[in-house]
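Scope of the values below: all heavy atoms of this structure, side chains included, with no hydrogens, waters or symmetry mates.
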Amino acid sequence: MLLLRTHVPRGRRVAESIRDRIKALRKKEKFTLDQLAVQAGLSKSYLWELENKDVPRPSGEKLAGVAKALNVTVDYLLGGDPTENLEAA
């Protein structure tokens, strides 16, 4: 079981941070929803929900798949420091 704990800036909901960061990183990497879904081991529809809906509690396992495919940490997706990278994790 993967437990995650991170600091989210006051006034900013975790879901907004996740949505914004996943979508921005996917576009930066020039991945389609289909491509990222395959690399992250998720369905395209679930990935779309992560980017566009208020998913209350995405699992750590699913976020780990997305983070790995986008070459960032789960902490970063949840609003952590952008200077962290996978080598530091």
Side-chain angles (χ1 to χ4, degrees):
M1 179 180 203
L2 181 62
L3 297 175
L4 304 171
R5 189 175 287 184
T6 189
H7 170 73
V8 177
R10 182 169 279 190
R12 185 166 178 157
R13 292 184 350 208
V14 172
E16 291 171 339
S17 173
I18 293 169
R19 284 196 308 244
D20 296 343
R21 289 186 177 205
I22 290 173
K23 187 177 264 186
L25 288 165
R26 179 177 62 81
K27 289 183 176 190
K28 179 183 171 194
E29 297 294 325
K30 298 182 179 165
F31 286 146
T32 64
L33 278 173
D34 287 318
Q35 290 169 326
L36 181 55
V38 167
Q39 287 203 12
L42 303 173
S43 69
K44 178 182 173 182
S45 62
Y46 185 76
L47 186 58
W48 183 90
E49 285 184 21
L50 283 177
E51 286 189 0
N52 295 288
K53 290 192 171 192
D54 191 8
V55 178
R57 291 177 143 188
S59 75
E61 185 177 326
K62 290 179 180 182
L63 288 178
V66 172
K68 183 175 181 183
L70 293 171
N71 200 33
V72 297
T73 63
V74 173
D75 185 58
Y76 176 73
L77 292 180
L78 294 172
D81 186 352
T83 60
E84 288 184 10
N85 58 33
L86 290 177
E87 288 81 35

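Once rounded to the nearest 0.5 Å, the distance linking NZ of Lys27 with CG of Leu25 reads 12.0 Å. Rounding to the nearest 0.5 Å gives a distance of 12.0 Å between CD of Gln35 and NZ of Lys30. To the nearest 0.5 Å, atoms CG (Asn52) and CG (Leu47) are separated by 9.0 Å. To the nearest 0.5 Å, atoms CG (Leu36) and CG (Leu70) are separated by 5.0 Å. Here the straight-line distance linking atom CG of Asp75 with atom CG of Leu63 works out to 11.0 Å at 0.5 Å rounding.
Nearest heavy atoms, Ala40 versus Ala69: N-CB, 4.1 Å. The two residues Asp34 and Lys44 have their closest heavy-atom pair at OD1-CD, 2.9 Å. The two residues Ser59 and Tyr46 have their closest heavy-atom pair at N-OH, 4.4 Å. Contact between Glu51 and Arg19 at its shortest, heavy atoms only, is O-CD, 3.4 Å. Nearest approach of Leu42 to Lys62, heavy atoms of both residues: CD2-CG, 3.6 Å. Here the closest non-hydrogen pair linking Val74 and Ala67 is N-CB, 3.8 Å.
Hydrophobic clustering keeps Val38 apart from Leu33 (ILVMFWY residues linked when any side-chain heavy atoms are closer than 4.5 Å, directly or through intermediates).
One N or O on the side chain of Arg26 and one on the backbone of Phe31 form a donor-acceptor pair closer than 3.5 Å.
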